[in-house]
*Asks:* 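Can you read through this structure? Questions will come right after.
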There are 2 protein chains.
Amino acid sequence: MKHDSFNESVEMYLKTVSELAAGDGLAPISALAQHLGISAVSATEMVHRLGEQGLVDHVPYKGVTLTLTGAQHAYRVIRRHRLWECFLSEHLGLGWQHVHDYACQLEHATADEVADAVAAFLGQPAVCPHGNPIPDRNGRLAEPDDEPLSEWRPGDRGSLSRVFPESFLLLDYLAMHNIRPGRTVIVTELAPFNGPMMVQIGGLPHALGHEIAAHIYGIRQNDQPI
Amino acid sequence: MKHDSFNESVEMYLKTVSELAAGDGLAPISALAQHLGISAVSATEMVHRLGEQGLVDHVPYKGVTLTLTGAQHAYRVIRRHRLWECFLSEHLGLGWQHVHDYACQLEHATADEVADAVAAFLGQPAVCPHGNPIPDRNGRLAEPDDEPLSEWRPGDRGSLSRVFPESFLLLDYLAMHNIRPGRTVIVTELAPFNGPMMVQIGGLPHALGHEIAAHIYGIRQNDQPI
DNA sequence: TAGCTAGTTTAGGTAAGCCTTAAAACAGCG
DNA sequence: CGCTGTTTTAAGGCTTACCTAAACTAGCTA
Ligand SMILES: [Mn+2]
Ligand SMILES: [Mn+2]
Ligand SMILES: [Mn+2]
Ligand SMILES: [Mn+2]
């Protein structure tokens, strides 16, 4: 193994590819660029460098995937990120919507020994405050089997599991409306003409736009009693 | 106020100037360069840049001091550093000699709100695990009135207050010999020909070289009972 | 099937922070 | 006053991570 730690920039690329490729498996460079707030040209360039280092595979004009090595490093960063989120939220009392950004800084400045010690301090938590699973120290990540609310249908009921991907604007909105993992949810109506999804969360009615519904995941339990 | 946060490089320069200028008030560029592990030419270059930004004053051929603005930023970094040290050492159980280096990474990735929350979590500690004072949120630092052991004379007694400046090799050595703030100390002998200083620390005899004795501070209490 | 367009890639360029080597300027000392 | 070692300037380069402008696909649409 040549490198063992990378700089912030590389880590953010790997993390972002991992997030964007979570669904279809191929992260378009434009999405990468947009997500990282840089130009597509710069992203292409960086992807080449990462490719030379064996961290990503690039299919020209199609997109980027992580290699095994790349994925391992990405998961290490994600682990540190989510562990810090737990600490900041549970022990420092910082706001649910803020800890994501604070952790995004700390994740690049955390030695593995520190991450392990934080994990022990927290009691080896399984998920971050936003419900996303925390990889173990070997970079193994339990893929949750929930579904975005956008795929639920009227009548479906269950409980919210996570918000993904996380972004301040979305988290802030959800915090304001008291929407978070653990809350019960019932889909009451799907407005026509691609309109919003009407739901009840924790007993209160909400209208969720497409964007939002696609980023909130839940576990359907239609057979459960109300 | 133009900037509010700086990058790691700038922060390390400011912090290092603050440390080196702690005594005489003027940090020679050569010392800066050596401490940061870069060439003197590069350090000069960077000092110019920092000067243009109003963070340091440079007296050619003499050395560098912090401006008021520069000092404030330096103390903010030092505050974050020492707060993290407390947390890592007291709550995560990481070794006294290791936390300095871990904190040196975290100090550049910590928002002020996080630092304040850490301080509150820790109960507003006054000193780091190595005995050095923690600046308050306004960057005010209580200068301790202790003296390096190198200035003590045979017969002097008191208690260790701090290790300064901190470096892994020194801290590791001290940890190995159970020498740390709070321990009682008695100077028993000063070996001739500039030899080592013989002391008793926590009841055990030690021979301290010049380097080391100059970096360990204590408060003399010759009038105290043994 | 040719043409368009959105997305992608290449070409060429910038700034920060580093580097080395060499020459010039200075401080402190004898 | 002149020597000597330290400090600074000068010159030329390197790497990383960005940029804009221009050329180029891929894949659809007419
Ligand atoms: Mn980050
Ligand atoms: Mn999270
Ligand atoms: Mn540092
Ligand atoms: Mn310390």
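Naming: A, B, ... by sequence-line order, numbering from 1 per chain.
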*Asks:* I'd like to know if B:D57 and B:K62 make a salt bridge, using a cut-off of under 4.0 Å between side-chain N and carboxylate O.
*Replies:*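 Salt bridge flag = no for B:K62 with B:D57.
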*Asks:* For D:dC18, take OP1 and OP2 only and decide whether either is under 4.0 Å from a side-chain N or O of A:Y13.
*Replies:*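 Yes.
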*Asks:* Got a sec? Which of residues 54-64 of chain B come in under 4.0 Å of DNA chain C, heavy atoms?
*Replies:*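 Output list: B:Y61, B:K62.
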*Asks:* Phosphate oxygens OP1/OP2 of C:dG17: is one of them under 4.0 Å from a side-chain N or O of B:R49?
*Replies:*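 Yes, within the criterion.
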*Asks:* Could you state the atom-to-atom distance from CD of A:E11 to P of D:dT16 in whole Å?
*Replies:*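 Between P of D:dT16 and CD of A:E11: 16 Å.
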*Asks:* Where the side chain of B:N132 meets the backbone of B:V163, is there a donor-acceptor pair that is under 3.5 Å apart?
*Replies:*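 It does hold such a pair.
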*Asks:* Is B:H98 reaching over with its side chain to a backbone N or O of B:L94, donor-acceptor style, under 3.5 angstrom?
*Replies:*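 Between the backbone of B:L94 and the side chain of B:H98 there is no qualifying donor-acceptor contact (under 3.5 Å).
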*Asks:* Donor-acceptor pair, A:T44 side chain versus A:A40 backbone, under 3.5 Å?
*Replies:*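 Yes.
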*Asks:* Output the rounded distance in Å from CE (B:M46) to C1' (C:dC19).
*Replies:*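 Those two atoms, CE and C1', are 15 Å apart.
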*Asks:* Can you figure out which of C:dT8, C:dC19, C:dG17 approaches the side chain of B:I38 most closely?
*Replies:*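 Given the options C:dT8, C:dC19, C:dG17, the side chain of B:I38 is closest to C:dC19.
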*Asks:* What is the distance, to the nearest angstrom, from the CD atom on A:Q53 to the P atom on D:dT16?
*Replies:*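 For the pair A:Q53 CD and D:dT16 P, the rounded distance is 8 Å.
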*Asks:* Does A:S30 place a side-chain N or O at less than 4.0 Å from the phosphate oxygens OP1/OP2 of C:dT8?
*Replies:*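 Indeed, a polar side-chain atom of A:S30 lies that close.
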*Asks:* To the nearest angstrom, how far is A:E45 atom CD from C:dT8 atom P?
*Replies:*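 To the nearest whole Å, that distance equals 16 Å.
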*Asks:* Figure out the CG/C1' separation between B:L50 and C:dA16, and round it to whole Å.
*Replies:*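 In whole Å, C:dA16 C1' and B:L50 CG are 12 Å from each other.
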*Asks:* Select one nucleotide: of D:dT16, C:dG17, D:dC19, the one nearest the side-chain heavy atoms of B:V10.
*Replies:*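 Minimum distance to the B:V10 side chain belongs to C:dG17.
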*Asks:* Can you tell whether the side chains of A:E107 and A:R82 come within less than 4.0 Å, N to carboxylate O?
*Replies:*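 The answer is no: the pair does not qualify as a salt bridge.
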*Asks:* For the pair made of CZ in B:F6 and C1' in C:dG17, what is the distance, rounded to whole Å?
*Replies:*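 Going from B:F6 (CZ) to C:dG17 (C1'), I get 16 Å.
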*Asks:* Kindly say if B:H48 contacts the phosphate of D:dT9, meaning a side-chain N or O under 4.0 Å from OP1 or OP2.
*Replies:*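 For D:dT9, OP1 or OP2 has a side-chain N or O of B:H48 closer than 4.0 Å.
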*Asks:* Are the side chains of A:V114 and B:Q105 in contact, using a 4.5 Å heavy-atom criterion?
*Replies:*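 Contact flag for B:Q105/A:V114 side chains = no.
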*Asks:* Does the side chain of B:S9 get closer than 4.0 angstrom to OP1 or OP2 of C:dG17 through an N or O atom?
*Replies:*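 Checking B:S9 against C:dG17: no side-chain N or O falls below 4.0 Å of OP1 or OP2.
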*Asks:* Tell me, which stems hold DNA chain D, with a stem being 3 or more Watson-Crick or G-U pairs in a row and both distances under 3.5 Å?
*Replies:*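 Consecutive-pair runs (3 or more) involving DNA chain D: C:1-30 with D:1-30.
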*Asks:* Check the phosphate of D:dC19 against A:S39, side-chain N and O only, distance under 4.0 Å to OP1 or OP2. Yes or no?
*Replies:*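 The answer is yes; a side-chain N or O of A:S39 sits under 4.0 Å from OP1 or OP2.
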*Asks:* Is there a donor-acceptor contact under 3.5 Å linking the side chains of B:Q97 and B:Y173?
*Replies:*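 Checked: B:Q97/B:Y173 side chains show no N/O donor-acceptor pair below 3.5 Å.
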*Asks:* Can any side-chain N or O of A:T67 pair as donor or acceptor with the backbone N or O of A:L55 at less than 3.5 Å?
*Replies:*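 A pair under 3.5 Å: yes.
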*Asks:* Out of C:dT20, D:dT8, D:dT7, which has the shortest distance to the side chain of B:I29?
*Replies:*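 Nearest listed nucleotide: D:dT8.
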*Asks:* Rounding to an integer number of Å, can you tell me how far B:E8 CD sits from D:dT16 P?
*Replies:*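 The distance from CD of B:E8 to P of D:dT16 comes to 17 Å, rounded to the nearest Å.
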*Asks:* Out of the candidates A:I78, A:L83, A:L122, only one should pair with A:I134 under the side-chain contact (heavy atoms from CB on, under 4.5 Å) rule; please name it.
*Replies:*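 Of the listed residues A:I78, A:L83, A:L122, the side-chain contact (heavy atoms from CB on, under 4.5 Å) partner of A:I134 is A:L83.
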*Asks:* Salt bridge between A:D112 and A:R80, side-chain N to carboxylate O under 4.0 Å?
*Replies:*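 Answer for the salt bridge query: yes.
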*Asks:* Rounded to whole Å, how long is the line connecting atom CG of A:L26 with atom P of C:dT8?
*Replies:*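 Distance, rounded to whole Å: 10 Å.
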*Asks:* Within the structure shown, what part of the strands sits under 4.0 Å from B:S42 by heavy-atom distance: base, sugar-phosphate, or nothing?
*Replies:*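 The residue B:S42 makes base contact.
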